[in-house]
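Remember, predicted model here, so these are calculated numbers, not experimental data. All residue numbers in this chain count up from 1 along the given sequence.
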Amino acid sequence: GSARGPWVLVTRPTTQSESLVTALGARGLRPISIPTIEIGPVEAGGELDAAILRITDASWIAFTSANGGSAVLDAAARLRVDITRARWAAVGASTEAALEARGITVSFTPSTANGAALGAELPIGAGDTVLLPRADIADGRLVAALEARGARVDAVVAYRTSEAPETSRERLRALFATGDAGAIVFTSGSTVRGLLGLLGAAHQRVARRTQAYCLGEATATVARDTGFEHVLVAPVASPLELADLISDALAQGLPKSAPKSAPKPPQEDPA
């Protein structure tokens with residue numbers, strides 16, 4: 001192959017894609033970071049701040065993404081509230097690692113890294129309160145699962161996800177206009193929708209024929225449902241393993257399908 005390998009479009013916000021971009025570059029690929037979603041803070045003095053001020057009442061704080069963790073820790077620091085005594089739960093390894101990198105000890109992760117397992121397995125009793133910081137676009141299934149088990153759920157919007165940021169439009173169109181073959185990494189359903197929202201019909205057709213590596217089954221389902229023809233589910237959460245998977249598949253020719261025996265993929269919240 002050439003000294004500059006195939007391009008790999010990374011669609012998650014730049015602040016969260018550094019380790020993946022580095023790992024792809026180290027494997028001779030050409031990572032191109034163009035975010036198709038943006039993560040933004042919620043306003044100070046709103047429901048997130050109120051929830052943090054009553055955090056001592058919570059039996060658990062449960063996180064479905066690293067974004068939620070960052071938002072809570074940043075707000076707690078600003079409010080000068082000590083939240084380290086609470087019991088913290090994380091949906092999967094990448095969320096747990098992000099929390100522990102900021103000095104938080106995670107007490108619980110479910111057997112499978114998805115919201116359904118978290119809702120079924122979080123050790124709660126009737127009357128326990130669970131603080132659930134989440135994205136503005138999160139669905140209600142986890143709340144319903146915890147409430148069905150007798151918990152009181154304090155679900156608050158901790159960050160906002162906006163799809164198809166205008167600042168990415170021209171760079172994306174230029175990439176898909178080159179006609180080169182490459183690959184796309186999607187990390188949430190919102191990254192898929194964001195990409196399609198930034199492209200016109202002709203470039204959408206090119207994108208749908210490009211192989212799509214999706215972190216988790218939930219992301220892959222959105223990619224398939226929106227017409228992507230070559231969808232591969234990454235059964236791992238770590239950037240290094242994801243980079244290995246992409247590198248191996250590109251080296252062996254396109255497209256590759258995941259092995260049937262692959263472990264259950266992580267399903268974390270948007271972004």
In sequence, state the C-alpha distance, the side-chain angles, and the governing distance for Phe228 and Cys214, and then conclude on side-chain contact (heavy atoms from CB on, under 4.5 Å). CA-CA 11 Å; Phe228 282 83; Cys214 297; over 6 Å; no
Show the numbers, then the answer: is there a side-chain contact (heavy atoms from CB on, under 4.5 Å) between Asp244 and Arg27? CA-CA 8 Å; Asp244 279 342; Arg27 285 156 181 75; 2.6 Å; yes
Pair Asp74-Arg102, salt bridge (charged side-chain N to carboxylate O under 4.0 Å, His left out): steps then yes or no: CA-CA 10 Å; Asp74 291 349; Arg102 293 192 57 170; 2.8 Å; yes
side-chain contact (heavy atoms from CB on, under 4.5 Å) for Arg134 and Asp139? Distances and angles first, verdict last. CA-CA 10 Å; Arg134 56 200 202 132; Asp139 67 38; 5.7 Å; no
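Distance check, rounded to the nearest 0.5 Å: CG of Asp154 to CD of Glu47 gives 8.5 Å. In this structure, Arg169 CZ and Leu199 CG are separated by 8.5 Å, a value rounded to the nearest 0.5 Å. Taking OG from Ser247 and CD from Gln252, the interatomic distance works out to 9.5 Å, rounded to the nearest 0.5 Å. To the nearest 0.5 angstrom, Asp136 atom CG is 5.5 Å from Arg160 atom CZ. If you take CD on Glu38 and CZ on Arg12, they are separated by 15.0 Å, rounding to the nearest 0.5 Å. Atoms OG1 and CZ, on Thr219 and Arg224 in that order, are 10.5 Å from each other to the nearest 0.5 Å.
Proximity of Val10 to Leu24: side-chain heavy atoms (C-beta onward) are separated by under 4.5 Å at one or more points. A 4.5 Å side-chain heavy-atom check between Val185 and Val8 finds at least one atom pair inside the cut-off. Contact check for Leu9 versus Leu195: side-chain heavy atoms found under the 4.5 Å cut-off. Using a 4.5 Å heavy-atom threshold, the side chains of Leu232 and Leu245 count as touching. Side chains of Ile55 and Val81 form a contact here, defined as non-hydrogen atoms less than 4.5 Å apart. With contacts defined as side-chain heavy-atom distances shorter than 4.5 Å, the pair Asp49/Val42 does not qualify. In this structure, the side chains of Glu96 and Val91 stay at 4.5 Å or more apart for every pair of heavy atoms. The shortest distance between side-chain heavy atoms of Trp7 and Thr210 falls below 4.5 Å.
Taking every heavy atom of both residues into account, Thr14 and Ser33 meet most closely at OG1-OG, 3.9 Å. Nearest heavy-atom pair, Pro123 versus Trp60, reported as atom, atom and distance to 0.1 Å: O-NE1, 3.0 Å. Considering all non-hydrogen atoms of both residues, Gly197 and Ala164 come closest at C-CB, 4.3 Å. The nearest pair of heavy atoms linking Val192 to Ala223 is CG1-CA, 4.0 Å. Contact record, Thr95 with Ala90: CG2-CB, 3.9 Å, taken as the closest heavy-atom pair. A pairwise comparison of heavy atoms in Leu132 and Ala62 identifies CD1-O, 3.4 Å as the closest pair.
A chain of hydrophobic side-chain contacts below 4.5 Å, direct or via other Ile, Leu, Val, Met, Phe, Trp or Tyr residues, connects Val156 to Trp88. Clustering ILVMFWY residues whenever any of their side-chain heavy atoms sit less than 4.5 angstrom apart, transitively, puts Ile39 in a cluster other than the one holding Val157. Hydrophobic clustering (ILVMFWY, side-chain heavy atoms < 4.5 Å, transitive): Val21 and Leu250 are in one cluster. If you chain together hydrophobic residues whose side chains sit under 4.5 Å apart, Leu118 and Phe63 never meet in one group. Both Leu53 and Val72 belong to a single network of hydrophobic side chains, linked directly or stepwise wherever heavy atoms of I, L, V, M, F, W or Y lie under 4.5 Å apart.
Side chain of Arg149 to backbone of Leu122: a donor-acceptor contact under 3.5 angstrom is found. Under a 3.5 Å cut-off, the side chain of Thr221 and the backbone N or O of Glu217 do form a donor-acceptor pair. Under a 3.5 Å cut-off, the side chain of Thr226 and the backbone N or O of Val222 do form a donor-acceptor pair. Listed for the Thr178 side chain is no donor-acceptor partner under 3.5 Å among the backbone atoms of Ala174. Counting only distance, with no hydrogens or angles, the side chain of Ser168 and the backbone of Thr36 share no donor-acceptor pair below 3.5 Å. Counting only distance, with no hydrogens or angles, the side chain of Asp128 and the backbone of Gly125 share a donor-acceptor pair below 3.5 Å. A donor-acceptor pair is defined here as one N or O able to donate and one able to accept, closer than 3.5 Å; such a pair exists between the side chain of Arg30 and the backbone of Gly5.
Residues Asp82 and Thr84 bring a donor and an acceptor atom of their side chains to less than 3.5 Å of each other. With no hydrogens or angles considered, a side-chain donor-acceptor pair links Arg152 and Thr129 at under 3.5 Å. A side-chain donor-acceptor contact under 3.5 Å links Tyr159 and Ser65. Side-chain polar atoms of Asn67 and Gln16 form a donor-acceptor pair below 3.5 angstrom.
Salt bridge Arg208/Glu229: absent, no basic N to carboxylate O contact under 4.0 Å.
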